[in-house]
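Reckoned from all heavy atoms, side chains included, excluding hydrogens, waters and symmetry mates. The sequence lines fix the lettering, A, B, ..., with proteins before strands; numbering per chain opens at 1.
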Number of protein chains: 2
Amino acid sequence: MFTFAADNMTTEDKIKKTALTLFLEKGFERTSIREIARRAKINIALLNYYFRSKENLFNSIFSSLLGKYTPELNSILSSPLPLEEKIKLYVEEYIDILLKNPRLTYFVLSVLHRNPDKITKMKIFQSLYNTGNFSTQFYDEVRKGNIKDVDPTQFFINMLSLITFPFTIKQVIMEKNKMSEDTFKQFMHERKQVITEMLILTIKK
Amino acid sequence: MFTFAADNMTTEDKIKKTALTLFLEKGFERTSIREIARRAKINIALLNYYFRSKENLFNSIFSSLLGKYTPELNSILSSPLPLEEKIKLYVEEYIDILLKNPRLTYFVLSVLHRNPDKITKMKIFQSLYNTGNFSTQFYDEVRKGNIKDVDPTQFFINMLSLITFPFTIKQVIMEKNKMSEDTFKQFMHERKQVITEMLILTIKK
DNA sequence: TATCGTTTTAAACGTTTGTTTAAAATTATT
DNA sequence: AATAATTTTAAACAAACGTTTAAAACGATA
């Protein structure tokens, strides 16, 4: 994966790629369109030629980014797999995504907090927190007596919290435990099993 | 608790109180010193008279805020209580703090992400993620064979994640589950037991 | 009452911000 | 080759930002 935009890309893609890198790194407000233009080696005015505004550019990038990862996660939750298998796959896939994109969680949170009312109603955003048929399946298993009577909402939030939160305090974890980048990655890989076992333990009778 | 600064406060406290409200609500960059001054009904220049800069004002507020809540949490972790009791108390106290201050977690994250290198080395910040004698105690219990062989670091991160993360996506939880403010509070109160039981289940032999 | 240090004020400072303009350069179409 | 449409450019726009200035108002001290 390239950090900077290559010269043979279209201008529009150069802008999007460079802007994404900067938005992830420094957030929306601390990233100026002048810095985007400089790093992408294009004129400032082109930013408003292709995208109408900075806000528009951001929304475009945000949608692309979510659209890239949510379908895979949603398809796991909506699949006809047994519950335990589903949980295992979801945890592994989600952590793999975040290992490739450690800043993603905080990025989404920053978007959410900048404009909560608008964002929570965005389709592309809702799909990120869409449980698919997960809750229904969960209730069914409870009714059948296969698993403990646990609130699916609490369970899903547990799962999300355990997977995503560590990435938002990555620097703290690394600093406190004197971890290198590689050690952190290994820690998160180990975490897949920790989380899966923990979650299944809470529902197993 | 007052949302706005009262007239009988000192100028310095009026600034700090108003600024805190705005920083929590809109973040550092989206809060202008002009808005702070307007809402606190003071002159802009007073901001630089009492605090030397906006950054300085922010640091002052941030330290006060952490200093208000971390001692209580640290004293629980450092107490001579048995492990299970400690976990229960910590979860309850932390959630109670965040119920009174729902924006606190995201606020801390935003500070961390704005200046990770500087912040992770701040004493007041480290104390927030200080485990006290918790890890030592944890290892002791493992060695004695009283609890399962679980990595204390993973465990502590589990605990932190389960407690704090839901507050960072409060709006999403409320929107998705059609919760009112009160329902959310109730949900988080119920969560105290959910988390405690979950954590203890993972270490109980 | 005069003098002192402290607090508050209005006004301006220089930068930076996102955005727009209008002309130039390039590419595509006929 | 001439024209039209698209893309890129340099320059400027107005607004907002954090910060500073220097004088006025205030309260305490002598």
Side-chain angles (χ1 to χ4, degrees), chain A residues 4-65 107 110-111 113-115 118-119, chain B residues 4-65 107 110-111 113-115 118-119:
Chain A
F4 295 100
D7 284 340
N8 60 352
M9 297 173 81
T10 66
T11 306
E12 196 173 339
D13 283 344
K14 272 200 283 186
I15 294 172
K16 283 185 92 171
K17 188 150 201 151
T18 310
L20 173 60
T21 304
L22 287 169
F23 284 148
L24 282 170
E25 191 184 314
K26 322 182 15 168
F28 179 77
E29 9 269 331
R30 278 160 47 89
T31 300
S32 70
I33 59 166
R34 278 176 176 79
E35 186 172 6
I36 297 171
R38 202 184 327 122
R39 295 266 287 260
K41 289 170 185 169
I42 54 106
N43 192 285
I44 329 168
L46 284 177
L47 254 145
N48 287 67
Y49 174 74
Y50 285 101
F51 310 90
R52 292 197 320 282
S53 66
K54 183 191 178 187
E55 188 76 41
N56 223 49
L57 166 64
F58 183 86
N59 289 337
S60 168
I61 286 172
F62 182 66
S63 298
S64 305
L65 192 60
F107 183 69
S110 72
V111 176
H113 281 252
R114 192 183 321 124
N115 207 337
K118 183 185 148 204
I119 299 293
Chain B
F4 297 99
D7 283 340
N8 59 353
M9 297 173 80
T10 66
T11 306
E12 196 172 339
D13 283 342
K14 273 200 282 183
I15 295 173
K16 282 185 95 171
K17 188 150 200 152
T18 310
L20 172 61
T21 305
L22 287 169
F23 284 148
L24 282 171
E25 191 185 314
K26 323 182 17 168
F28 179 77
E29 11 268 333
R30 279 162 44 87
T31 300
S32 70
I33 59 167
R34 278 176 177 79
E35 186 172 6
I36 298 172
R38 203 183 326 122
R39 294 266 286 260
K41 288 169 186 168
I42 53 106
N43 191 286
I44 327 169
L46 283 178
L47 253 144
N48 288 68
Y49 175 74
Y50 285 102
F51 310 89
R52 293 196 320 281
S53 65
K54 185 190 176 187
E55 189 75 40
N56 223 50
L57 166 63
F58 184 86
N59 290 338
S60 168
I61 286 173
F62 182 65
S63 299
S64 305
L65 194 59
F107 182 69
S110 72
V111 176
H113 281 253
R114 192 183 320 125
N115 207 337
K118 183 185 148 205
I119 299 294

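Residues from residues 45-57 of chain B that place a heavy atom under 4.0 Å from any atom of DNA chain D, listed by number: B:A45, B:N48, B:S53, B:K54.
Partners of B:E12 under the side chain to side chain donor-acceptor pair (under 3.5 Å) rule, at least two apart in sequence or in another chain, do not exist in this structure. For B:R38, there are no side chain to side chain donor-acceptor pair (under 3.5 Å) partners two or more places apart in sequence or in a different chain. Here B:T11 pairs with nothing under the side chain to side chain donor-acceptor pair (under 3.5 Å) rule; sequence neighbours left out. By the side-chain contact (heavy atoms from CB on, under 4.5 Å) test, A:N48 pairs with A:I33, sequence neighbours left out. In terms of the side chain to side chain donor-acceptor pair (under 3.5 Å) criterion, residue partners of A:S64 (sequence neighbours excluded) are, by chain and number, A:K16.
Under a 3.5 Å cut-off, the side chain of A:S63 and the backbone N or O of A:S60 do not form any donor-acceptor pair.
Between A:T18 and A:I42 the shortest side-chain heavy-atom distance does not fall below 4.5 Å. No side-chain heavy atom of B:F58 sits under 4.5 Å from any side-chain heavy atom of B:T31. B:V111 is not listed as a side-chain neighbour of B:F28, based on a closest heavy-atom distance of 4.5 Å or more.
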Would you list the protein and nucleotides 24-28 of chain D atom pairs, both N or O, that sit under 3.5 Å from each other?
none

Pairs under 3.5 angstrom, nitrogen or oxygen only, protein versus nucleotides 13-16 of chain D, please.
none

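Every pair passing salt bridge (Lys or Arg N to Asp or Glu O under 4.0 Å) that includes a residue from residues 21-30 of chain A is listed here, sequence neighbours excluded: A:K26-A:E35, A:E29-A:R114. Residue pairs meeting the ring-ring contact (aromatic ring centres under 6.0 Å, His included) criterion with at least one member in residues 29-53 of chain A: none, sequence neighbours excluded. Under the salt bridge (Lys or Arg N to Asp or Glu O under 4.0 Å) criterion, no residue pair touches residues 48-60 of chain A, with sequence neighbours excluded.
For DNA chain C, the contact window with chain A, defined by any atom under 4.0 Å from a protein heavy atom, covers C:dT17 to C:dT21 in 5' to 3' order.
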